[in-house]
Structure formats: structure tokens, C-alpha cells
Student: 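Here it is, the structure in full.
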Amino acid sequence: MPSARSIAITGASGGLGRALALSYAAPGVTLHLLGRSETRLVETAALARQRGAETRTAALDVRDSSAMAAFLREGDARAAIDCLIGNAGVTWGSRPDGELEDFAGIRGVMEINFGGALNSFLPLIDSMLRRGRGQIGLVSSIAAFAPQADCAGYAASKAALLALALSLRAALSPHGLRVNAICPGFVDTPMAARYIGWKPSMVSAEYAAQLIQRGLARDKAIIAFPRGLYLAARLQQILPESLRRVGMDRFRFHVRPETE
């Protein structure tokens, strides 16, 4: 399977997105990088160019479908995008003072995590279909299999991405396109640092990026890690609710606001 040479990555200004950009960065590779922070996005691009990659950047809100489409279609016209990794996302949940999750905020989480993913790959679908090749990796989460009490919006958005990826995989594979659900556990990123609670088997962003790149190259339907946490999440789906709650109670947490 030929390796991707033109890759678009959302959420590339830091964390896992930056690690993915640097994992793919190499001579002959073009990276189309999108993120919220222009300053940090420029830093990511500079690091990628040090490894020999060509870069294009845009500080965009993934909810802005018009701006997203314009940037991605322009990049696709310059260097046909082989792979789109929809990585941009936010976390939400119970507050440090014990206040429940802001249920009105669930809509906002869905618009970014799920709606942003749609805005990331929809502009490229037609051209990928015409070429008869292309790959779309959607970053879901192990939380899609084991939703926690303190993050209904986040878990719902990631479950939706998992279902979307698997449905699209079945629909688009006959046309030469590959779609993959990426389901990490805890990854050591600034977003994870705001998560105050038990984070078992947390891995570095660099190691997570390597696992994702390897899984995409092998076209794995679900790229989930760490394996032990993934298997535990799948197992709890078939347990009686009383037992499932006992296990999931260990994962109670709260989220520190970004402004702190």
C-alpha cells in the first residue's frame, strides 16, 4: 500500500495533531495543517519543514465550513490530498467545583468534534472518488465504547465519529477509499492535562502518532490503543449495568477550564 505523500491534519497546532504532523514530516511530503492558534501552528509547520516536508497552514475554526472547504480544495488542487486526519476536538465535562456538565455546552462540543470532522473531509470526497483513492482517519476515542458519567457531550461526539467512520468505510471501500476510526485512550497532551482524574496507561503524543500512522498504513478499521484499556472498554459493554457502574466509577473526573 503506497504511503501518503499529501496529508491534511486538523488540530495541528499542538498535542496529538502536532505529533502527527511531525511523524509524517519527511522530504517529498506536503502537509496541509489546520489549527486554532496561528502562532502554534506556525511553530508546528517550522518543525515539520526542518524534517524536509513542505507545509501549508491555516488558522481556522473547524466549524467554518466555507473557509475549511476553500483551504482544503485549494491544497487538493496543488497536491492531491492522499489522507485527511480529522483530529481537531475539545473536551468538556463536570467542573472542579462539583457542578454538573453544562448541558447547553453539549451542542457546542458536537459542533466542533463531530461537525468539524464533517467539514474536514466532505470537501475532499468528490475528488477522492474521482481518483479512486484516498484515506480518511477520524479521531474518535475509547470513550466511544465506555462513556463516562462526567462527559456526556464528549462521549457522544466520539461515539458518533466511530459510527460515522465505520459506516463510511463500508460505503466507500468499493470505490477505493479507506476510512478508519482512531480510538486513543489517554494521550499526554495539554487537553489531557485539563482532565483531573485517573488516567491509566497514558501514552505520549509522539508514541500515539506512531501507532496511528502505522494503523492507517495497514488500513485497520479501528485503531485503538492501549490494547488493555480498549479491551476493558469493549468488555464493559456486555456487563450488567450494576457491574459496569462499579467499574466506570473509577473513572469519575472533572475538567479544568482552559482559562485557568
Side-chain angles (χ1 to χ4, degrees), residues 9-12 14-17 19-20 36 62-63 84-94 101-103 105-122 136-170 179-203 205 208-209 211-212 215-216 220-237 244 247-248 250-255 258:
I9 303 171
T10 67
L16 181 57
L20 282 165
R36 287 186 297 171
V62 291
R63 292 170 293 185
L84 176 283
I85 303 177
N87 166 72
V90 296
T91 190
W92 198 257
S94 300
E101 180 175 3
D102 177 5
F103 294 108
I106 291 176
R107 183 188 301 274
V109 174
M110 291 295 294
E111 288 175 348
I112 294 172
N113 293 2
F114 185 75
L118 290 176
N119 292 338
S120 301
F121 73 79
L122 286 178
I136 298 164
L138 300 180
V139 178
S140 175
S141 168
I142 285 181
F145 302 100
Q148 297 155 275
D150 296 297
C151 62
Y154 178 80
S157 69
K158 295 303 186 177
L161 284 171
L162 172 65
L164 178 67
L166 295 178
S167 295
L168 288 176
R169 182 178 177 86
V179 184
N180 315 86
I182 301 166
C183 299
F186 296 102
V187 180
D188 190 5
T189 65
M191 188 169 80
R194 295 173 49 230
Y195 178 108
I196 309 303
W198 188 40
K199 293 176 272 194
S201 305
M202 187 161 66
V203 301
L211 294 177
I212 292 168
L216 290 173
K220 294 182 65 174
I222 299 176
I223 303 165
F225 57 88
R227 184 171 178 78
L229 192 63
Y230 171 59
L231 293 177
R234 297 301 300 265
L235 174 63
Q236 66 82 39
Q237 291 180 306
R244 185 181 66 81
M248 292 305 296
R250 299 185 66 190
F251 290 90
R252 296 304 299 264
F253 71 99
H254 63 261
V255 175
E258 283 188 291

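Note that the coordinates shown come from a computational prediction; the quantities given were computed from them, not determined experimentally.
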Student: Do Ser167 and Leu164 come close enough that some side-chain heavy atom pair is under 4.5 Å?
Tutor: no
Student: Quick check for you: to the nearest 0.5 Å, what is the distance between Leu162 atom CG and Cys183 atom SG?
Tutor: 5.0 Å
Student: Shortest non-hydrogen contact from Pro226 to Ile142?
Tutor: O-CD1, 4.2 Å
Student: I need the minimum non-hydrogen distance between Ala209 and Leu16, along with the two atoms involved.
Tutor: N-CD1, 4.0 Å
Student: Report yes or no: does Ser157 contribute a side-chain atom to a donor-acceptor pair with the main-chain N or O of Phe114 at less than 3.5 Å?
Tutor: no
Student: Please round to the nearest 0.5 Å and tell me the distance separating atom OG of Ser120 and atom CD1 of Ile9.
Tutor: 11.5 Å
Student: If you measure from CZ on Phe186 to CZ on Phe225, what distance do you get to the nearest 0.5 Å?
Tutor: 12.5 Å
Student: If I take atom CG from residue Leu229 and atom CE from residue Met202, how far apart are they, to the nearest 0.5 angstrom?
Tutor: 12.0 Å
Student: If you take all heavy atoms of Ala146 and Ala233, which pair is closest and at what distance?
Tutor: CB-CB, 4.0 Å
Student: Let me see the working for Tyr154 and Ser141 under side-chain contact (heavy atoms from CB on, under 4.5 Å), right down to the final yes or no.
Tutor: CA-CA 9 Å; Tyr154 178 80; Ser141 168; 3.8 Å; yes
Student: Backbone N or O of Gly11 within a donor-acceptor pair of the Asn87 side chain at under 3.5 Å?
Tutor: yes
Student: Output yes when a side-chain donor or acceptor of Asn180 lies under 3.5 Å from a complementary backbone atom of Gly137, and no otherwise.
Tutor: no
Student: Name the one of Ile182, Thr10, Ile85, Leu216 that satisfies side chain to side chain contact (heavy atoms under 4.5 Å, CB included) with Leu20?
Tutor: Ile85
Student: Give me the atom names and distance for the closest heavy-atom approach of Ala155 to Ala143.
Tutor: CB-O, 4.1 Å
Student: Measure across Val179 and Arg169 and return the closest heavy-atom pair with its distance rounded to 0.1 Å.
Tutor: O-NH1, 2.9 Å
Student: For Val62, is there any backbone N or O sitting under 3.5 Å from a side-chain donor or acceptor partner on Asn119?
Tutor: yes
Student: Hey, what do you get for CD (Gln236) to CZ (Phe145), rounding to the nearest 0.5 Å?
Tutor: 10.5 Å
Student: Do the side chain of Lys158 and the main chain of Val139 share a donor and acceptor less than 3.5 angstrom apart?
Tutor: yes
Student: Taking all non-hydrogen atoms of both residues, which atom of Gly15 and which atom of Ala205 are closest, and how far apart?
Tutor: O-CB, 4.1 Å
Student: What distance separates Leu168 CG from Leu161 CG, expressed to the nearest 0.5 Å?
Tutor: 10.5 Å
